[in-house]
Peer 1: 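This structure is in structure tokens; I'll ask about it shortly.
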Amino acid sequence: RQKLKFHVQGTQDENGANNESDRSKAREWRKRMYGDRDSRFMDTDSRAKKQQKFQDAASKGSKHDLVVIPIFWKHKEDQKDKTMEVAQRIKKCLSEASMNVWIDGRHKYTP
């Protein structure tokens, strides 16, 4: 972790507030430090795509009474097979009790 001293030269108005060039230099510094991770600097297309992604994920889960999330190590196929088999049995039992169950076996999201 870097320890930075941030000093901006500029004038202050009668209330002691920094002028616009100080604020723009501060914005430039934040953009250099945080880049795209800072949502204030995301373009509107990226922001809209990110919001749509979260809305889609939320709507998938809201259609069901219960979501089963099987957790296993990616590179252990035998563990994955056993876990998915148990998840299917759980889904079958709960479906018989008239519950809408979804097994979320997606790999790109983490629990």
Side-chain angles (χ1 to χ4, degrees):
R1 195 172 200 185
Q2 288 181 329
K3 192 170 189 175
L4 300 173
K5 281 189 174 181
F6 185 67
H7 177 72
V8 178
Q9 294 179 352
T11 60
Q12 295 182 342
D13 62 12
E14 61 273 3
N15 297 326
N18 291 332
N19 62 17
E20 181 59 36
S21 69
D22 291 348
R23 285 189 292 270
S24 66
K25 288 179 183 179
R27 279 193 294 270
E28 290 172 18
W29 177 82
R30 278 194 305 272
K31 191 165 186 171
R32 274 197 318 272
M33 291 304 294
Y34 299 109
D36 292 336
R37 294 178 293 167
D38 193 342
S39 63
R40 292 175 289 192
F41 302 112
M42 259 189 219
D43 61 3
T44 54
D45 290 338
S46 297
R47 186 176 295 179
K49 286 178 186 176
K50 189 172 186 177
Q51 287 175 345
Q52 185 63 40
K53 177 182 164 183
F54 285 117
Q55 288 172 353
D56 290 346
S59 68
K60 285 181 182 179
S62 66
K63 295 176 186 176
H64 306 284
D65 296 326
L66 181 76
V67 177
V68 176
I69 303 173
I71 299 174
F72 49 85
W73 292 101
K74 284 184 181 179
H75 303 292
K76 295 188 177 184
E77 288 298 319
D78 60 330
Q79 187 184 52
K80 177 183 176 184
D81 294 339
K82 289 177 185 176
T83 306
M84 292 304 287
E85 182 182 318
V86 171
Q88 288 293 338
R89 283 191 282 160
I90 292 170
K91 179 179 179 178
K92 182 181 176 187
C93 289
L94 293 173
S95 295
E96 290 172 359
S98 68
M99 289 187 74
N100 185 356
V101 181
W102 175 48
I103 298 175
D104 187 355
R106 297 177 290 176
H107 299 289
K108 59 183 175 180
Y109 299 108
T110 57

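Small disclaimer: the values here were computed from a predicted structure and weren't measured.
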Peer 1: Any side-chain heavy-atom pair from Val101 and Val68 closer than 4.5 angstrom?
Peer 2: yes
Peer 1: For Lys82, enumerate each residue passing the side-chain contact (heavy atoms from CB on, under 4.5 Å) test, keeping only those at least two apart in sequence or located in another chain.
Peer 2: none
Peer 1: Can you name the residues that form a side chain to side chain donor-acceptor pair (under 3.5 Å) with Glu77, not counting sequence neighbours?
Peer 2: none
Peer 1: Identify whether Val86 and Met99 are in the same connected component of the hydrophobic contact network (ILVMFWY, side-chain heavy atoms under 4.5 Å).
Peer 2: yes
Peer 1: As an exercise, state the distance from NZ of Lys53 to NZ of Lys50, rounded to the nearest 0.5 Å.
Peer 2: 8.0 Å
Peer 1: With rounding to the nearest 0.5 Å, note down the distance linking CZ in Phe72 to NZ in Lys80.
Peer 2: 5.0 Å
Peer 1: Is there a continuous path of hydrophobic side-chain contacts, each under 4.5 Å between heavy atoms, that joins Val67 to Leu94?
Peer 2: no
Peer 1: Roughly how far, to the nearest 0.5 Å, is the CD1 atom of Ile71 from the CG atom of Asp104?
Peer 2: 10.5 Å
Peer 1: What pairs meet the side-chain hydrogen bond (donor to acceptor under 3.5 Å, both in side chains) rule with one or both residues in residues 89-100, with sequence neighbours excluded?
Peer 2: His64-Asn100
Peer 1: Any link between Met84 and Ile90 through a network of hydrophobic side chains (Ile, Leu, Val, Met, Phe, Trp, Tyr) touching at under 4.5 Å?
Peer 2: yes
